[in-house]
Amino acid sequence: MTPSPEAFGASSDTDIPKVALDRIRKTYGENVVLDDVTLHVRQGEVVSIIGPSGAGKSTFLRCVNLLEVPDSGTVRVGEHVLDAGGRHTDRQLEELRRVAGMVFQSFNLFPHKTVLENVSLAQRRVLGRSKEEADERSRQLIDRVGLAAKYDEHPRRLSGGQQQRIAIARALALDPEVMLFDEPTSALDPEIGLEVLAVMQELAESGMTMMVVTHEIEFARKVGDRLVVMADGGILEEGDPAEVIANPKEDRTRRFLGAVVRR
């Protein structure tokens, strides 16, 4: 049975553009990492981003919640609009990062806290929930990612896949409007990574807006609504995942997909 959008905190309205990145430019010294990149993501859309190392994929994703501040351009997530050239208060950044939940390659769980405490902590600090409210919401989400028996465990007693699933639950606990995934399975063995991909697929089916930087081509084909190929700091091509994978327009895309499939 497919869970409702509300089970993950997602909206059921699929007509509202949720994320808009306009003319994003990012440099490090003389190295241009992102060169005037624009991408809009609709409400409920799953956008997979692929491309060779150094393409700017992770930097671009981190610009959504200003973990990387662009040199120029505009970032909008829901009602939150921030100009890269402006000054941003701590409160503005906190609100933006709350509505744009992020899951990283590394799990970043607190090793000295239990699974329940890891998921509850930010809710209490950021949303002002009581311990009882936060723990109740945490249990719901830990159950959703299939780890109901692990409330009182510490991260060191969990597999990498289990830790990443807890990291997803922690991000969802702040009721984000969009979820950002930066190579969430790259540090995992392929078999364990399937556990994480299954949770991500269920989340996508619930209606959550998602941006996923990944090398998991089958996930992009099966779950994604749109595939974006990046190279050299820009978008090379984009479109229906099955069409882009089967009939890439650009030689660079064809070479990259060939290399990924052969691995």
Side-chain angles (χ1 to χ4, degrees), residues 8 10 14 17-21 24 34 37-65 67-68 75 77 100-105 161 164-165 167-168 171-172 176-188 190 193-250 252-263:
F8 282 111
T14 59
K18 184 54 65 177
V19 180
L21 298 163
I24 299 297
L34 297 170
V37 185
T38 292
L39 180 68
H40 292 182
V41 180
R42 300 186 304 274
Q43 175 85 14
E45 187 178 21
V46 178
V47 175
S48 302
I49 303 173
I50 66 171
S53 297
K57 307 181 298 296
S58 292
T59 300
F60 188 53
L61 193 73
R62 291 166 68 91
C63 285
V64 177
N65 58 9
L67 288 179
E68 294 282 358
V75 175
V77 181
M102 191 160 191
V103 177
F104 302 88
Q105 296 178 32
Q164 192 64 292
R165 286 148 66 190
I168 293 173
L172 291 169
E177 298 178 24
V178 57
M179 283 286 288
L180 313 174
F181 293 88
D182 186 10
E183 294 279 12
T185 62
S186 64
L188 304 174
L194 291 175
E195 303 171 357
V196 176
L197 293 174
V199 171
M200 292 170 62
Q201 180 174 349
E202 188 177 23
L203 180 57
E205 291 170 352
S206 79
M208 176 64 77
T209 308
M210 295 167 60
M211 296 176 67
V212 185
V213 172
T214 184
H215 281 91
E216 302 282 357
I217 299 300
E218 189 56 31
F219 174 87
R221 186 201 325 256
K222 182 179 179 182
V223 179
D225 298 300
R226 185 163 30 132
L227 183 63
V228 173
V229 185
M230 293 188 67
D232 302 322
I235 294 177
L236 194 61
E237 62 179 297
E238 61 181 293
D240 176 77
E243 179 63 24
V244 172
I245 292 167
N247 301 295
K249 297 176 182 178
E250 302 292 334
R252 186 76 182 274
T253 304
R254 194 173 297 111
R255 292 197 303 270
F256 172 74
L257 289 171
V260 170
V261 170
R262 284 195 301 269
R263 282 196 304 193

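Each residue takes its place number in the sequence, starting with 1.
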TODO: Could you pull out the closest heavy-atom pair between Gly233 and Val37, with the gap in Å?
DONE: O-CG2, 3.2 Å
Open item on the list: Contact between Phe256 and Leu236 at the side-chain level, heavy atoms closer than 4.5 Å - yes or no?
Closed with: no
Task: Sub-4.5 Å side-chain heavy-atom contact between Ile50 and Leu257 - done: yes
Open item on the list: Taking salt bridge (Lys or Arg N to Asp or Glu O under 4.0 Å) as the cut-off, I'd like each qualifying pair that reaches into residues 228-248, sequence neighbours left out, listed once.
Closed with: Arg226-Glu238, Asp232-Arg252
- [ ] To the nearest 0.5 angstrom, please state how far the OG atom of Ser58 sits from the CD atom of Glu183.
- [x] 6.0 Å
Task: Student check: side-chain heavy atoms of Val229 and Lys249 closer than 4.5 Å - done: no
Task: Within-4.5 Å side-chain heavy-atom neighbours: Leu61 and Met102 - done: yes
Open item on the list: As an exercise, state the distance from CG of Leu180 to CZ of Phe104, rounded to the nearest 0.5 Å.
Closed with: 8.5 Å
Open item on the list: Measuring from atom CD of Gln201 to atom CE of Met210, what distance do you get when rounded to the nearest 0.5 angstrom?
Closed with: 9.5 Å
Task: Gap between atom CD1 of Ile49 and atom CE of Met211 - 0.5 Å precision - done: 4.0 Å
Task: Within residues 47-65 or reaching into it, pairs that qualify as salt bridge (Lys or Arg N to Asp or Glu O under 4.0 Å) - sequence neighbours excluded - done: Arg62-Glu68
Open item on the list: Using every non-hydrogen atom in the two residues, find where Gly224 and Pro241 come nearest and quote the distance to one decimal.
Closed with: O-CG, 3.4 Å
Open item on the list: Side chains of Val196 and Ile168, heavy atoms from C-beta outward: is any pair under 4.5 Å?
Closed with: yes
Open item on the list: When you compare the side chain of Phe60 with that of Ile24, does any pair of heavy atoms fall below 4.5 Å?
Closed with: yes
TODO: Find out whether Thr209 and Glu177 are in side-chain contact, i.e. whether some heavy atom of one side chain is under 4.5 Å from a heavy atom of the other.
DONE: no
Open item on the list: Set out, in order, the CA-CA distance, both residues' side-chain angles and the distance that settles side chain to side chain contact (heavy atoms under 4.5 Å, CB included) for Thr185 and Leu194, then state yes or no.
Closed with: CA-CA 8 Å; Thr185 62; Leu194 291 175; over 6 Å; no
Task: Side-chain touch Val41/Val178, heavy atoms, less than 4.5 angstrom - done: no
Task: Nearest-0.5 Å distance, OG1 of residue Thr214 to CG of residue Leu197 - done: 7.0 Å
TODO: Starting at CG of Leu39, measure out to CD1 of Ile235 and round the result to the nearest 0.5 Å.
DONE: 5.0 Å
